[in-house]
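Note sheet for the following structure.
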Number of protein chains: 2
Amino acid sequence: MADIAAITRVRDTGRLPGAGAAPQYAQGMSQQESLSRARQPRHSRGTAPTLHDVAREAGVSLATASRVLNGSERKVAESFRERVEQAAAELGYTANASAQATARGSSPVIALLVADIADPYFGLIAAGVARGADEQGLVVTIAITERDPAREARIVRALRGQRPQGLILAASRTDEPTDSDTARELAEYARFGGRVVTFGAGSAENRHVEIDNRAGAAALGRQMASLGYRSAIAIGAAEGVLTSDERLAGFRAGFESGGGSVDRVLRGDFRRESGARAMSDALAQGVEPGTLVFGMSDVVAIGAMAAIRDAGREIGTDIAVCGFDDVPSSSDVSPALTTVRVPLTEVGYQAFRATVDADWTQAPLPLEVTVRASTPGLTR
Amino acid sequence: MADIAAITRVRDTGRLPGAGAAPQYAQGMSQQESLSRARQPRHSRGTAPTLHDVAREAGVSLATASRVLNGSERKVAESFRERVEQAAAELGYTANASAQATARGSSPVIALLVADIADPYFGLIAAGVARGADEQGLVVTIAITERDPAREARIVRALRGQRPQGLILAASRTDEPTDSDTARELAEYARFGGRVVTFGAGSAENRHVEIDNRAGAAALGRQMASLGYRSAIAIGAAEGVLTSDERLAGFRAGFESGGGSVDRVLRGDFRRESGARAMSDALAQGVEPGTLVFGMSDVVAIGAMAAIRDAGREIGTDIAVCGFDDVPSSSDVSPALTTVRVPLTEVGYQAFRATVDADWTQAPLPLEVTVRASTPGLTR
DNA sequence: ATGAAAGCGCTAACAT
DNA sequence: ATGTTAGCGCTTTCAT
């Protein structure tokens, strides 16, 4: 009985243009085949049509259907091609990506790990990654570490299961973890051919896109000194966070070369609240007019600005503030924030290229000091 | 010769604790098996270990290995379990997600479509989705439409191939497309059991999380009127964009009920530049002091603020500005932006729940008018 | 409790 | 040019 039902169904849907001329194949479906079909009825809501369905509907073999639908080099006669395409369209067929991936042995995904997707820094990077992926027809899988190392390791492990083409890590506390759980997972991933891309100066093993934090911060420091600032408070992330360390070192070098000195270094993380808290603390201990605050990321600097305002002090001639990154809101706060422009979307794009290009070398990522109203020239 | 190599390799790695007691199975590997192994050498860099490898290493069957590693109900003797776990750890095994998905017939991913991930509005929503997904052990795949309908349709189609558990669309121009290509793709997806979640008042078909734009905007309009404003310029997206239409209608109703009137409506999209451009145009045509500008999203309002400042006008008592959403930078611009707080991360989280909960009903999403310095009370 | 084997939907030799 | 068939790595009956 099952056979009959199945066969009937085939006939039912068999309204091909010129169905009469359909090859024997379609009619001569083996009994074994019809049985297996009957067991798993197609098109019951909840199951998408398979290539098998398309092939049957079009009266061609699986192989032919596969060839026309899923980009093969091999050629198929026009009449067959049309039939298959029509059947696919009628059924609303879309290739099952998982099945394709297991059959092909590779999956068209690239994995992106960020600390916090709502943070503009990561949002911009993600946009660049997404653009690159789209160009290559790859899908990006995104995960959020929330700056939690344990979570990060868990996520890398989960992502490994996807056998992604590449894994971009823009999240780590230290930017380049070496003996953490994350590092171990990353190593396993890389061991079997996965490509890991990180940011900052990395090991020789992984590719990494480098933002020249040191140089950018040094240029900023010099500028600030030349504007007349002599005493600075730096607010950054914990020691060991590469980005933070580099920016601090660079700024210090530049600022000191111009005769300034970094008198206090406050640490937290790269979040707005962290910047606000650090600044409140500083304010509580007293901050001289004419002091410059260097937030090691714009988000931190903006948090600091809020704290300054809350304390009833004025930003600019009273307490000057500068940041790093040039996220969009830096030009919208007022006074607008002096900062170092980092082409973050391009950074993300570069990271993507690093995962897919066989012979990749980083394109230059020009940093640019942008002086705005938050650091007026000191006239004294 | 191939057999010998393969068998030798098995022996080589066979250093189980108590290997002597290993079941016959491991030693008695059939010739067929060793042949197939030899054909596809494992552990050559580039191929991750498979369950097969783990099973062999542990001296158990595929079935047993699967049961201990990949969450089955069925129980396995402690000694076997340990062996399998150790083998897996040694080899650095991680289940191939694609293979699991094809075998299980379902894949643990939820797809998220946003217009622009660098926009804080979408970033916040994405964060909520990601949090929910993580709670359920799901992976989120993200794609960017760049507000391009054709792109959007292409992407939905590609995403369909992933057979995601659910598809969240936070991108559409009209929020609820009905006869677009996207709509057709979405319908196909839904036809086979996929769950699509959109934002805004939707069809009866899809689930949608509703932000009560109308009520929020009405409350804002009333407030603004009570502050003394009488004439407003509204800046929003194109007609037909639901969010924009609702916010405009609500604001108008509220503002007019308080005696105000919306004298100009300028349209573009929800981007910052669009807001700036519209505001420049308005300014060019002349804007009376005491006028209120309503940006239908904060991002637009912030763009407008920039234009106002660039024109040498003052924000607040000269030209007041209010927005909608309360994205983080709204409190950082100065004067700080009056707006309607939308719990965007919660919105994203709700959207996620809507994709996975069998019986889902939207939790309340309280909107809250937040008056800040950009709309000082008018004393006249 | 454990293993053999038949799938899952698709691709890619290998025939024809 | 088209079809057959043996995989891909995994899950899940069904025996034992």
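Throughout, protein chains are lettered first and strands after them, A, B, ... in sequence-line order, and every chain is numbered starting at 1.
- With sequence neighbours excluded, the residues satisfying side-chain hydrogen bond (donor to acceptor under 3.5 Å, both in side chains) with A:Glu188 are A:Arg191.
- As a whole-Å value, the separation of B:His52 NE2 from D:dT11 C1' is 15 Å.
- Remark: B:Arg131 pairs with no residue by the side-chain hydrogen bond (donor to acceptor under 3.5 Å, both in side chains) rule, at least two apart or across chains.
- As judged by a 4.0 angstrom heavy-atom cut-off over every strand, B:Ser66 is placed among the base-contacting residues.
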### Task
Dump the intermediate steps for side chain to side chain contact (heavy atoms under 4.5 Å, CB included) on B:Gln86 and B:Arg83, then the final yes or no.
CA-CA 5 Å; B:Gln86 215 218 317; B:Arg83 276 233 286 280; 5.9 Å; no
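- In terms of phosphate contacts, A:Thr64 brings a side-chain nitrogen or oxygen within less than 4.0 Å of OP1 or OP2 of D:dG3.
- Nearest to the side chain of B:Thr50, among D:dG3, D:dG9, C:dG3, sits D:dG9.
- Scanning for salt bridge (charged side-chain N to carboxylate O under 4.0 Å, His left out) contacts around B:Glu82 gives an empty result, with sequence neighbours left out.
- With rounding to the nearest 0.5 angstrom, the CG atom of B:Leu112 is 4.5 Å from the CD1 atom of B:Ile142.
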### Message
side chain to side chain contact (heavy atoms under 4.5 Å, CB included), that's the test. Do B:Phe80 and B:Val68 meet it? Break it down for me.
### Response
CA-CA 9 Å; B:Phe80 278 57; B:Val68 359; 5.9 Å; no
Give me, pair by pair, the N or O atoms of the protein and of nucleotides 13-16 of chain C that are less than 3.5 Å apart, along with how far apart they are.
unit_1 : atom_1 : unit_2  : atom_2 : d
C:dC14 : N4     : A:Arg74 : NH1    : 3.0

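- Note on the helix from C:dA1-D:dT16 to C:dT16-D:dA1: terminal axis deviation equals 40°, with five pairs used at each end and the result rounded to 10°.
- Looking at A:Tyr93 and A:Glu85, their side chains never bring a donor and an acceptor atom within 3.5 Å of each other.
- For residues 154-162 of chain B, proximity to DNA chain D is found at no residue, defined as any non-hydrogen atom under 4.0 angstrom from a strand atom.
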Distance-only donor-acceptor hits, side chain of residues 98-106 of chain A, under 3.5 Å, sequence neighbours excluded:
none

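- Shown here are the side-chain contact (heavy atoms from CB on, under 4.5 Å) partners of A:Ala187, two or more places apart in sequence or in another chain: there are none.
- In terms of modelled atom types and a separation under 3.5 Å, the side chain of B:Arg207 and the main chain of B:Val197 share no donor-acceptor contact.
- B:Leu62 places its CG atom 10 Å from the C1' atom of C:dA4, with the value rounded to the nearest Å.
- Atoms CZ (A:Phe192) and P (D:dG9) sit 13 Å apart, rounded to a whole Å.
- The nearest whole Å value for the distance from the CG atom in B:Leu91 to the C1' atom in D:dG9 is 15 Å.
- Qualifying side-chain contact (heavy atoms from CB on, under 4.5 Å) partners for B:Arg154, counting only residues two or more places apart in sequence or in other chains: A:Asp134, B:Arg151.
- Evaluated for a side-chain contact (heavy atoms from CB on, under 4.5 Å) with B:Val156, the options B:Asp181, B:Thr182, B:Thr145 yield exactly one hit, B:Thr182.
- Following rounding to the nearest Å, B:Arg163 (CZ) and C:dG9 (P) show an atom-to-atom distance of 9 Å.
- Residue whose closest nucleotide on DNA chain C sits further toward the 5' end, between A:Tyr93 and B:Val76: B:Val76.
- In this structure, A:Asn70 reaches the C:dT11 phosphate: one of its side-chain N or O atoms is under 4.0 Å from OP1 or OP2.
- Applying the side-chain hydrogen bond (donor to acceptor under 3.5 Å, both in side chains) test to B:Asn70 and every residue at least two apart in sequence or in another chain returns nothing.
- Contacts between residues 94-106 of chain A and DNA chain C, defined by a heavy-atom separation below 4.0 Å, involve A:Ala95, A:Asn96, A:Ala99, A:Gln100, A:Thr102, A:Ala103, A:Arg104, listed by number.
- Remark: B:Arg160 engages A:Thr94, B:Glu185 in a side-chain hydrogen bond (donor to acceptor under 3.5 Å, both in side chains) (not counting sequence neighbours).
- Nearer the 5' end of DNA chain C, as judged by each residue's closest nucleotide, is the contact made by B:Lys75, out of B:Lys75 and A:Leu51.
- Distance from the side chain of A:Val60 is smallest to D:dG3 among D:dG3, C:dT11, C:dA1.
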